[in-house]
Amino acid sequence: MEDEPAVAEYLRSRDPEVFRTLVERHQSRVFRLVAGLLGPFADRDGQEVTQEVFLRAHQRLGSFRGEARFSSWLYRLAYNFTLQHRRRARLRLPHVPVEELEARASPDGPHEAAAERERQRRVERLLEGLPDLYRTVVYLHYWMDATIDEIAEVLEVPSGTVKSYLSRARARLRERAPALGIEGVE
């Protein structure tokens, strides 16, 4: 069953299996988009935000007018909600659960672990300096292994535009990397 007829069927019948089909069909791409916006070190947040996106999609499904494809509507909802989540997260104090700290403990010793954490912080700062759109494209392409065409579909832009975004993002990263003590950005 295609998405739009499935949406109409769900709205008519409220059959949870129909909605489950929509979720299963789109959850990996929604997660990729969310993870791309949140960044490479936010897996747990990515899963929670993805669940929240589908909860909101369920609540707002009645507002889907069919003027665009359901997938476009859903990805736009995910994109907007994730950006809101990021803005709110910046206002909160960072909290790292004990389990995550233990998982990050390096078997190489405390000095190597500290150096790796510092490298990750520098990379995060470098990427945070990019506009949301460029950062999203970089995360999707390099951390989530999304193809140019997949990114183009998620962002609803031509493939050439995605290539342009990647090129501009790389140029900005090369420009800013030395100031943060990061070498070898290509």
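Along the sequence shown, residues carry numbers from 1.
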- Task: Kindly indicate, with the supporting measurements, whether the criterion side chain to side chain contact (heavy atoms under 4.5 Å, CB included) is fulfilled by D45 and V34.
- Result: CA-CA 9 Å; D45 259 2; V34 167; over 6 Å; no
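- Under the 4.5 Å side-chain heavy-atom criterion for ILVMFWY residues, a single connected hydrophobic cluster contains both Y142 and V137.
- When all heavy atoms of S159 and D149 are compared, the pair lying nearest together is OG-OD1, 2.6 Å.
- The two residues P158 and A152 make their nearest non-hydrogen contact at C-CB, 4.0 Å.
- Rounding to the nearest 0.5 Å places NE2 of H85 at 14.5 Å from CG of N80.
- In the displayed structure, R65 atom CZ is contacted under 6.0 Å by at most 12 heavy atoms of other residues, nucleotides or ligands.
- Rounding to the nearest 0.5 Å gives a distance of 6.0 Å between CD of Q27 and CZ of F54.
- In this structure, L55 is not a member of the same hydrophobic cluster as L74, with clusters built from ILVMFWY side-chain heavy atoms closer than 4.5 Å.
- Y75 has its side chain out of reach of E156: every pair of non-hydrogen atoms, C-beta onward, lies at least 4.5 Å apart.
- Ring pair F64/F70 is perpendicular by interplanar angle, where above 60° counts as perpendicular and below 30° as parallel.
- Looking at heavy atoms from C-beta onward, W73 lies out of side-chain contact with E4 at the 4.5 angstrom threshold.
- Interatomic distance, NE2 of H26 versus OG1 of T21, reported as 10.5 Å (0.5 Å rounding).
- What you find for V138 and A169 is that their closest heavy atoms are CG2-CB, 3.5 Å.
- Using a 4.5 Å heavy-atom cutoff, the side chains of R172 and P131 are in contact.
- Counting only heavy atoms from C-beta outward, the side chains of L140 and L37 never approach each other to under 4.5 Å.
- Rounding to the nearest 0.5 angstrom, the gap separating the OG1 atom in T136 from the CG atom in L130 is 9.5 Å.
- One finds a salt bridge joining R86 and E128 here, because a Lys/Arg side-chain nitrogen approaches an Asp/Glu carboxylate oxygen to under 4.0 Å.
- The pair R69-D3 does not count as a salt bridge, with every side-chain nitrogen at least 4.0 angstrom from each carboxylate oxygen.
- With hydrogens and angles ignored, the 3.5 Å screen pairs a side-chain donor or acceptor of T50 with a backbone N or O of G46.
- For the pair R76 and Y79, the cation-pi criterion (under 6.0 Å, within 45° of the ring axis) is fulfilled.
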- Message: Under the criterion side chain to side chain contact (heavy atoms under 4.5 Å, CB included), I'd like the reasoning laid out for L33 against R29: C-alpha separation, chi angles, the key distance, then a yes or no.
- Response: CA-CA 6 Å; L33 175 60; R29 286 194 180 206; over 6 Å; no
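- Summarising the geometry, atom NE2 belonging to H141 is positioned 6.0 Å from atom CD1 belonging to I151; distances are rounded to the nearest 0.5 Å.
- Between E150 and R32 the shortest side-chain heavy-atom distance falls below 4.5 Å.
- Aromatic ring centres of Y10 and H58: separated by under 6.0 Å.
- Distance check, rounded to the nearest 0.5 Å: CZ of R56 to CD of Q51 gives 13.5 Å.
- S164 and R168 are linked by a side-chain donor-acceptor pair at a separation below 3.5 angstrom, with hydrogens and angles left out of the test.
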